[in-house]
Asks: 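First the structure, which I've put down as structure tokens, then a few questions once you've had a look.
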Amino acid sequence: MKSQDIRKAYLDFFKSKEHLIVPSAPIVLKDDPTLMFNNSGMAQFKEYFLGNGTPKSKRIADTQKCLRVSGKHNDLEDVGFDTYHHTMFEMLGNWSFGDYFKKEALAWAWEFLTEVLKLEKDRLYVSVFEGNPAENVPFDQEAFDIWKQYVAEDRIILGNKKDNFWEMGDQGPCGPCSEIHIDLRSDAERNAVSGRDLVNADHPQVVEIWNNVFMEFNRKADGSLEKLPAQHVDTGMGFERLCMAMQGVTSNYDTDVFTPLIEKVEQITGLKYTNNEVKDITEEQNKINIAIRVIVDHVRAVAFAIADGQLPSNTGAGYVIRRILRRAIRYGFTFLNKKEPFINELVAVLATQMGAFFPEIKTQQNLVTQVIREEETSFLRTLEQGLQLLEKVVAETSGNEVKGEKVFELYDTFGFPKDLTALILKEKDYTFNETEFDTELEKQKARSRAASEVSTEDWNVLVEGNVEQFVGYDQTENEVKITRIRKVDSKKDGILYQIVLDSTPFYPEGGGQVGDKGTLVSANETIEIIDTKKENNLILHFAKQLPQNLNATFQAKVNTKLRALCASNHSATHLLHQALRTVLGTHVEQKGSLVAPNYLRFDFSHFSKVTDDELQQVENFVNARIQEHLPLIERRSIPFAQAIEEGAMALFGEKYGDNVRAIKFGDSMELCGGIHVNNTADIWYFKIISEGAVAAGIRRVEAITNHAVKEFFAHQEHLIASVKEALKNPQDVVKSVVSLQDENSKLKKQVEALLKEKAKSLKGTLASQIQNIQGVDFLAVEVDLDATGAKDLAYELGQNNNNLFLVLATVTEDKPMLTCYISKELAEQKGLNAGQVVRELGKYIQGGGGGQPFFATAGGKNPTGIKEALEQAISFLN
């Protein structure tokens with residue numbers, strides 16, 4: 001049974017059980033501050049489990065793209081070394097929100113596996129929670145009794161809290177779970193050792209395929225449990241593992257989920273992958289297998305993350321994606337001998353293989369390919385730089401053990417992997433101190449944990465029920481009551497309070513727009529709201545202090561000045577999007593934005609630099625729409641399909657409901673939940689400040705509107721006045737500047753000519769100072785030239801001498817530089833290296849450098865070290 005058929009069979013089965021089939025949410029979470037990525041099937045439904053929202057149906061099923069590479073659920077280091085862990089995986093899930101419970105969930109799970117898929121019953125084992133008296137949670141007798149209807153008691157395993165009690169996090173909904181495991185070993189192996197003894201023992205062929213979680217409790221901040229008002233079912237089945245079971249193989253990588261990707265890697269590299277049935281493979285072949293598994297797994301995670309809008313970067317979720325991709329590149333570099341980009345070529349295979357069910361990978365194929373190729377090229381350069389740095393570290397090491405701190409520096413600063421360092425050192429008969437490395441790594445992790453450490457208290461609920469609503473589209477001030485509060489303590493922000501209101505005009509951060517600020521005012525006090533965010537469908541108002549009377553009636557007042565500036569910038573991003581598509585082409589798609597009061601930032605797909613002429617056309621287009629005084633046409637609740645049919649732009653990576661809000665200015669129409677001006681005239685003026693690359697195929701425009709433009713023009717006027725004053729107030733400022741540039745250019749040429757003449761005149765003087773030391777023509781001397789002059793002089797002296805070892809020192813503006821020239825013939829005969837020479841001598845001037853074996857330079861900070869550096873140069877001839 002092919003993987004596509006297995007996926008369809010699952011969804012069809014639960015559709016027949018009256019479940020609403022919903023699409024996968026994006027793999028990148030944008031409105032949940034507690035998670036970077038969707039790491040489980042239930043993540044997109046958290047608000048329903050918490051009671052903060054009402055689902056479209058009490059029964060839902062889907063297949064969800066998940067990513068587990070950080071935090072509590074972190075499988076990254078296992079990936080490639082075993083046959084069943086993955087970074088990205090699909091989670092088949094069915095949910096009940098206060099509807100059916102254990103009886104139906106377990107019965108349907110058994111029915112689907114044994115009657116629809118016809119898996120052998122004697123290969124299946126189930127587990128139930130054994131109970132935890134310390135937390136007053138009893139043995140799950142109900143699940144045990146249900147399972148006895150389907151399986152023999154010796155196939156029902158009692159599991160502890162670690163294996164059979166599922167929790168969303170340190171706080172929140174949780175409950176006992178019942179897992180289904182399958183034994184995929186041969187009959188002989190099963191007869192020898194019971195599968196029961198191998199459940200939850202990390203055996204590669206005895207694996208969990210389905211987990212049925214019964215949400216019965218809420219975990220409070222103090223660790224205690226309280227009963228939830230409604231009971232929910234949250235199930236998850238590993239799609240890749242299910243395919244393994246259905247396709248009669250013993251490795252996820254031997255299923256048709258991965259084999260097309262593996263075949264492509266084999267084609268590109270000329271190397272062969274051996275499937276899991278092949279035993280007694282060589283150590284070399286095992287390394288190749290691991291590398292190929294790493295690559296085909298990681299490309300899926302990276303490709304889908306990029307398609308959902310997360311670009312590789314140096315921070316946050318972008319850093320995680322970059323780290324995954326670099327791990328794949330490194331395995332290809334080290335074990336598959338691929339020194340050129342190739343992983344990007346796998347995207348086409350993914351698009352063909354998964355595009356029908358996940359259309360985003362097909363639609364975004366070109367962008368994903370370009371971004372991965374650029375990242376590969378960049379990191380391969382980093383690897384080359386790392387090799388050079390490692391050479392320097394080895395050269396500076398006495399003995400044959402490199403300090404762990406040095407290896408960590410390579411890892412932390414340059415992204416050079418520890419195991420690659422170990423491999424290269426081993427080839428040179430060196431090792432490194434792993435204990436020191438691990439110590440530095442732990443220090444870094446501790447710093448990171450400390451910086452992000454947050455403790456959150458339980459909600460103090462003042463008003464029961466889901467009474468909260470947002471009224472900010474129509475009001476910036478209204479009468480409110482507080483419905484719940486909680487205290488949050490973080491290392492970064494200190495103690496803050498999150499306040500939820502029954503009816504709020506404050507816009508929560510989302511869609512690129514920053515959250516509103518303002519005040520809560522009662523008869524006796526004023527509380528400042530410093531930010532507004534949304535979490536699990538609750539709008540959270542952040543304050544540094546709580547009101548003295550939490551039950552009072554307040555006036556919620558948005559800072560309308562900041563709100564108006566944000567609205568101006570947000571509406572401008574819509575017009576900018578339209579302008580870019582008009583000027584550059586309809587391939588342009590929004591890839592991210594930031595809308596703040598003082599400026600806007602807009603990322604978009606485009607594969608070349610936007611020219612000055614094109615930028616001017618874009619700016620003119622937006623300002624023309626502003627001049628047209630286009631009114632805002634807002635439709636609060638329009639069916640998604642209708643909005644798209646009418647031409648509304650929907651953004652990839654965003655999660656939309658059945659009904660959406662559409663914003664229209666003239667011909668610009670987008671799906672958007674943000675705050676906008678009532679008329680484009682309110683924007684006043686639009687000015688582009690910068691344009692540049694963010695990643696391969698992604699450009700960024702930064703721009704300003706409204707008051708920021710007025711300040712910009714005022715600053716420009718002041719700047720021009722200052723320039724005029726500096727130029728003695730000429731009639732024509734431009735003509736005066738051009739004249740000054742021409743004069744400067746002529747003087748530069750004169751200086752260069754004089755320096756060349758000076759170098760030539762020095763040639764004769766220095767040639768007479770060359771000494772023959774141990775058969776080598778040697779000279780180390782300081783000269784009064786700049787770096788270019790020193791280079792010219794070195795080549796002049798070496799022009800007719802194939803036996804020259806020369807070191808020249810120069811100082812320009814208190815910055816010392818060493819220039820080393822070694823005749824090519826001499827470098828080859830004696831094994832000399834100019835790069836090594838300047839790296840060693842550079843220490844004396846507190847600097848460093850490098851270059852080729854016959855010519856290299858090193859800059860530094862300490863001119864007083866020149867004398868000793870020149871004295872030490874002769875030591876390289878000993």
Side-chain angles (χ1 to χ4, degrees), residues 11 14-15 18-32 38 41-48 52-65 93 95 97 304 307-310 354-364 466 469-470 472-474 507-513 534 536-537 539 570-571 573-575 577-578 581 586 588-593 595 604-605 632-676:
L11 297 175
F14 279 98
K15 188 175 182 180
E18 300 178 336
H19 286 64
L20 174 68
I21 308 303
V22 300
S24 170
I27 205 168
V28 183
L29 288 171
K30 296 184 178 177
D31 295 321
D32 187 344
N38 237 318
M42 61 77 63
Q44 66 166 310
F45 304 119
K46 278 172 69 174
E47 64 191 77
Y48 308 139
N52 300 335
T54 305
K56 290 183 284 189
S57 169
K58 286 188 173 183
R59 298 181 180 187
I60 286 176
D62 74 351
T63 179
Q64 173 65 49
K65 298 174 293 184
W95 288 270
F97 304 105
F304 275 101
D308 277 347
Q310 181 56 66
M354 301 184 75
F357 201 83
F358 299 103
E360 63 272 20
I361 195 66
K362 192 80 174 173
T363 311
Q364 302 294 303
N466 295 323
Q469 60 176 320
F470 174 66
Y473 293 139
D474 303 307
Y507 178 78
E509 178 185 316
Q513 183 175 330
K534 195 170 187 178
N536 297 320
N537 209 37
I539 296 176
H570 202 150
S571 298
T573 64
H574 285 220
L575 300 179
H577 195 184
Q578 182 190 11
R581 287 173 64 84
T586 54
V588 168
E589 290 177 355
Q590 181 177 338
K591 292 299 174 187
S593 68
V595 177
F604 58 98
S605 54
L632 165 67
I633 299 173
E634 176 199 27
R635 294 158 83 182
R636 294 270 172 92
S637 184
I638 177 176
F640 176 80
Q642 182 184 337
I644 298 300
E645 189 177 329
E646 291 180 13
M649 291 284 293
L651 305 182
F652 278 97
E654 293 292 339
K655 182 185 173 186
Y656 296 104
D658 292 336
N659 291 303
V660 292
R661 179 171 179 255
I663 297 297
K664 197 171 190 294
F665 291 106
D667 293 330
S668 166
M669 184 176 175
E670 295 193 19
L671 304 184
C672 180
I675 304 297
H676 289 274

Asks: In this structure, are over 12 heavy atoms from other groups packed under 6.0 Å from Asp474 atom CG?
Replies: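 Counting other residues, nucleotides and ligands, CG of Asp474 exceeds 12 neighbours.
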Asks: How many angstroms lie between atom CZ of Phe97 and atom CZ of Phe45, to the nearest 0.5 angstrom?
Replies: 5.5 Å
Asks: Would you compute the distance between atom NZ of Lys534 and atom CD of Glu47 and round it to the nearest 0.5 angstrom?
Replies: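 Output value for this atom pair is 7.5 Å.
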Asks: Nearest 0.5 Å, what's the CG-NZ distance between Asp658 and Lys56?
Replies: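 Rounded to the nearest 0.5 Å, the CG-NZ separation comes out at 4.0 Å.
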Asks: Could you give the distance from CZ (Arg581) to OG (Ser668), rounded to the nearest 0.5 Å?
Replies: 10.5 Å
Asks: Would Leu651 and Leu671 satisfy side chain to side chain contact (heavy atoms under 4.5 Å, CB included), going step by step from the backbone distance to the final call?
Replies: CA-CA 8 Å; Leu651 305 182; Leu671 304 184; over 6 Å; no
Asks: Please evaluate residues Trp95 and His19 with respect to the criterion side chain to side chain contact (heavy atoms under 4.5 Å, CB included), reporting the C-alpha separation (whole Å), side-chain torsions for both, the decisive distance (0.1 Å), and the verdict.
Replies: CA-CA 8 Å; Trp95 288 270; His19 286 64; over 6 Å; no
Asks: Can you tell which of His577, Gln590, Met669 makes a side chain to side chain contact (heavy atoms under 4.5 Å, CB included) with Met649?
Replies: His577
Asks: For Lys58, enumerate each residue passing the side-chain contact (heavy atoms from CB on, under 4.5 Å) test, keeping only those at least two apart in sequence or located in another chain.
Replies: Asp99
Asks: How far does OH of Tyr507 sit from CD1 of Ile539, to the nearest 0.5 angstrom?
Replies: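 The OH atom of Tyr507 sits 9.5 Å away from the CD1 atom of Ile539.
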Asks: How are the rings of His676 and His570 set to each other: parallel, tilted or perpendicular (split at 30° and 60°)?
Replies: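 It falls in the tilted class, 30° to 60°.
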Asks: Is the backbone of Ala25 close enough, under 3.5 Å, to the side chain of Gln64 for a donor and an acceptor to pair up by distance?
Replies: yes
Asks: Hey, could you give me the CG/NZ distance between Asn52 and Lys46, rounded to the nearest 0.5 Å?
Replies: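 NZ of Lys46 is found 10.5 Å from CG of Asn52.
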Asks: Who passes side-chain contact (heavy atoms from CB on, under 4.5 Å) against Thr63, sequence neighbours left out?
Replies: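 Per chain and number, Thr63 pairs via side-chain contact (heavy atoms from CB on, under 4.5 Å) with Arg7, Glu90, Leu92, Phe357, Phe358.
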Asks: Should the pair Lys664-Glu646 be classified as a salt bridge under the 4.0 Å nitrogen-to-oxygen rule?
Replies: no
Asks: Might you point out which heavy atoms bring Gly53 and Asn537 nearest each other, and give the distance in Å?
Replies: CA-ND2, 3.8 Å
